[in-house]
Amino acid sequence: MPLKSPWTRRTWLRAHPDERRDHAAASLHTRSARIHDGEFGGIGLRNPGHEYSPNGQFFAYEQVSSREQLNDRYTGMVRDVQRLMTTKGLSAYVYTEITDVEGEYNGLFTYDRRVQKVDTNQLRQAHGALIAASRNLNASPALTLGHVRSFKVTTPGHTDRYLRHANSLARTDVLTTASGDGPRQDASFRTVTGLADPRCYSFESVNFPGRYLRHADNRVRIDADTGGSFAADATWCSRPGLAAGGTSFESKNYPGHYLRHYSDNVYLARSGGPNAWDTATSFTVDATWNLSEPALWRSSVHLPTDVRRSLRVTTWGFTNRYLRHSDSLAYTEVVDSGSSALLKQDATYTVRRGLAGSSCYSFESVNYPGQFLRHADSRVRNSPDDGSALFRQDATFCARPGVGGKGVTFESINIPGSFLRHFESGVHIASGGGSGSSADRPQTLGADSSWELVAPWAP
């Protein structure tokens, strides 16, 4: 059945006010299956003195009370679209509305065009990220943005070695999951869209955020932005492995030159070039890397461990709510200085090293020591550690920058792509692959899966 016209949809929503909030995201999952989203948005912010209604009545699908809330909600929707594009194949969307019209105040500009309700820079950043991610869809082989990766050597006899940085320079060393924190962090990089070409990639150091793997004078190293050719130097285009069983990375600004290890060091090299590291002997396999295994360090946000913290919601309109447990299940609830001592304890956890991986995190209840947040059948709850491998995996979450644009997102270690998410007061793990009213729906997934770790309510 074809999509309803915008006006038909608006008229129907006026008769069904319970549907208005869901219209703000326009059933994105069901429409994504149809490749496009015909209409969504319609966030209302009143601007008296800049409105007009022929009958004195005003309407919006969803009401916000400030410019800050409108910016947060709008950019969050753009991030939701980006996730649907990369995970579900969404190819187009139509936002309603650009300007207020008669009787409706759900535009980005007021009816008289005198007031711009949204912040240009915030919208430009959100749209720019969406456009860059769309271009990155053409990268081949494709790498999931935001994921942490380690570059494992594929050269026979050296497959226990990984690319890592040491004193800023890149080299290869023998490393394992039992190696120290520092070397494992040195060998792990967060995947982002290419700084100079979104069809390619850049790799950010997890222990030195803001520094990227780049080449300079043929050596590969990590640096912060030095200007000049830095963005291009730090952009690598993924290619099917020059040798079987991996991926090769071609320099953006030096076509035909690849990321290659040679005599423990890592270079920008081309087969048959004038330098020792250009030698054709074993070039193809030395320039082919295994990125298929879990990174040696899984989190790209570092958190202090063995300290108490409370997890605060970042979704606009609900930032006075915190994750707490009650009757073993995890919920969000309003907590303030007047809350009971029990509620404050329920809303406080001790951050521990991950039970299933020391580079990730587990959350131990302060008033029920030995019980941890874990997921089971997608619901998050407090459970005692039974020592099983499944429990330890269910209770381990890897930290990454908030997918909602702020805070921290916690990704399940055993269900990659699923995040700790609040929905209608309950707490779940969700990937955004559901629809309708389910906790796994894509609407506001980014905001609902982003948390601020704040001072504990029960110190």
Side-chain angles (χ1 to χ4, degrees), residues 1-32 34 36-48 50-84 90 92-113 115-119 122-123 126-127 130 314-319 404-405 422-424 432 434-439 441-448:
M1 184 179 73
L3 295 176
K4 297 179 180 180
S5 70
W7 188 254
T8 302
R9 176 68 174 162
R10 294 190 191 104
T11 305
W12 188 88
L13 283 165
R14 287 193 180 99
H16 299 78
D18 56 318
E19 295 290 326
R20 290 178 185 172
R21 182 175 177 84
D22 280 349
H23 173 76
S27 298
L28 287 174
H29 173 73
T30 57
R31 293 192 180 191
S32 71
R34 302 167 73 165
H36 70 281
D37 176 13
E39 181 188 13
F40 81 104
I43 310 167
L45 176 63
R46 295 292 303 270
N47 281 264
H50 300 277
E51 303 167 335
Y52 172 74
S53 173
N55 58 13
Q57 297 179 344
F58 292 95
F59 166 80
Y61 297 120
E62 178 182 333
Q63 173 72 49
V64 296
S65 58
S66 69
R67 187 170 183 252
E68 291 72 25
Q69 287 183 347
L70 177 57
N71 287 324
D72 187 80
R73 187 76 172 102
Y74 180 89
T75 55
M77 285 185 175
V78 175
R79 282 187 286 269
D80 290 342
V81 166
Q82 180 177 326
R83 182 167 179 79
L84 283 165
L90 185 70
Y93 73 95
V94 178
Y95 182 83
T96 304
E97 294 174 336
I98 299 301
T99 62
D100 291 353
V101 296
E102 294 180 0
E104 297 193 24
Y105 59 95
N106 50 12
L108 305 182
F109 285 85
T110 56
Y111 177 79
D112 60 8
R113 313 303 195 263
V115 178
Q116 178 178 315
K117 302 181 186 182
V118 290
D119 179 79
Q122 290 189 47
L123 267 64
H127 290 154
L130 174 62
T314 65
T315 308
W316 75 267
F318 301 95
T319 54
H422 69 88
F423 178 77
E424 294 185 350
S435 62
S437 61
S438 76
R441 70 179 189 168
Q443 293 95 318
T444 69
L445 176 72
D448 295 348

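All residue numbers in this chain count up from 1 along the given sequence. Just so you know, these numbers come straight off a predicted model, no measurement behind them.
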- Task: Locate the shortest heavy-atom distance separating Gly404 from Arg79; write the atom from each residue and the value.
- Result: O-NH2, 2.7 Å
- Message: Which heavy atom of Gly103 sits nearest to which heavy atom of Pro54, and what is that distance?
- Response: N-CD, 4.4 Å
- dist Thr99:OG1 -> Asp112:CG (nearest 0.5 Å) comes out at 10.5 Å
- Query: Does the side chain of Leu108 reach to within under 4.5 Å of the side chain of Lys117, using non-hydrogen atoms?
  - Reply: no
- Task: Quick one: pull up CG in Asp448 and CZ in Arg441 and give me the separation to the nearest 0.5 Å.
- Result: 8.0 Å
- Query: Is the gap between the ring centers of His50 and Phe109 under 6.0 Å?
  - Reply: no
- Closest approach of Trp316 to Gln63 (non-hydrogen atoms, all atoms of both residues): CH2-O, 3.6 Å
- Task: Heavy atoms only: give me the nearest Leu123-Val118 pair and the separation to one decimal.
- Result: CD2-CG2, 3.5 Å
- Is Leu84 close to Tyr93 at the side-chain level, that is, under 4.5 Å between some pair of heavy atoms? no
- Does any N or O in the side chain of Asp72 come within less than 3.5 Å of the main-chain N or O of Glu68, such that one atom is a donor and the other an acceptor? no
- Message: For the backbone of Ser53 and the side chain of Asn55, can you confirm whether one donor and one acceptor N or O come within less than 3.5 Å of each other?
- Response: no
- Message: When you compare the side chain of Arg67 with that of Asn71, does any pair of heavy atoms fall below 4.5 Å?
- Response: yes
- Considering non-hydrogen atoms only, spot the tightest contact between Tyr74 and Ile43 and give its length. N-CD1, 3.9 Å
- Interatomic distance, Phe58 atom CZ to Arg46 atom CZ [nearest 0.5 angstrom]: 5.0 Å
- Nearest heavy-atom approach of Ala60 to Asn106 is CB-CB, 4.0 Å
- Check whether any side-chain heavy atom of Thr444 sits under 4.5 Å from a side-chain heavy atom of Arg73, and report yes or no. yes
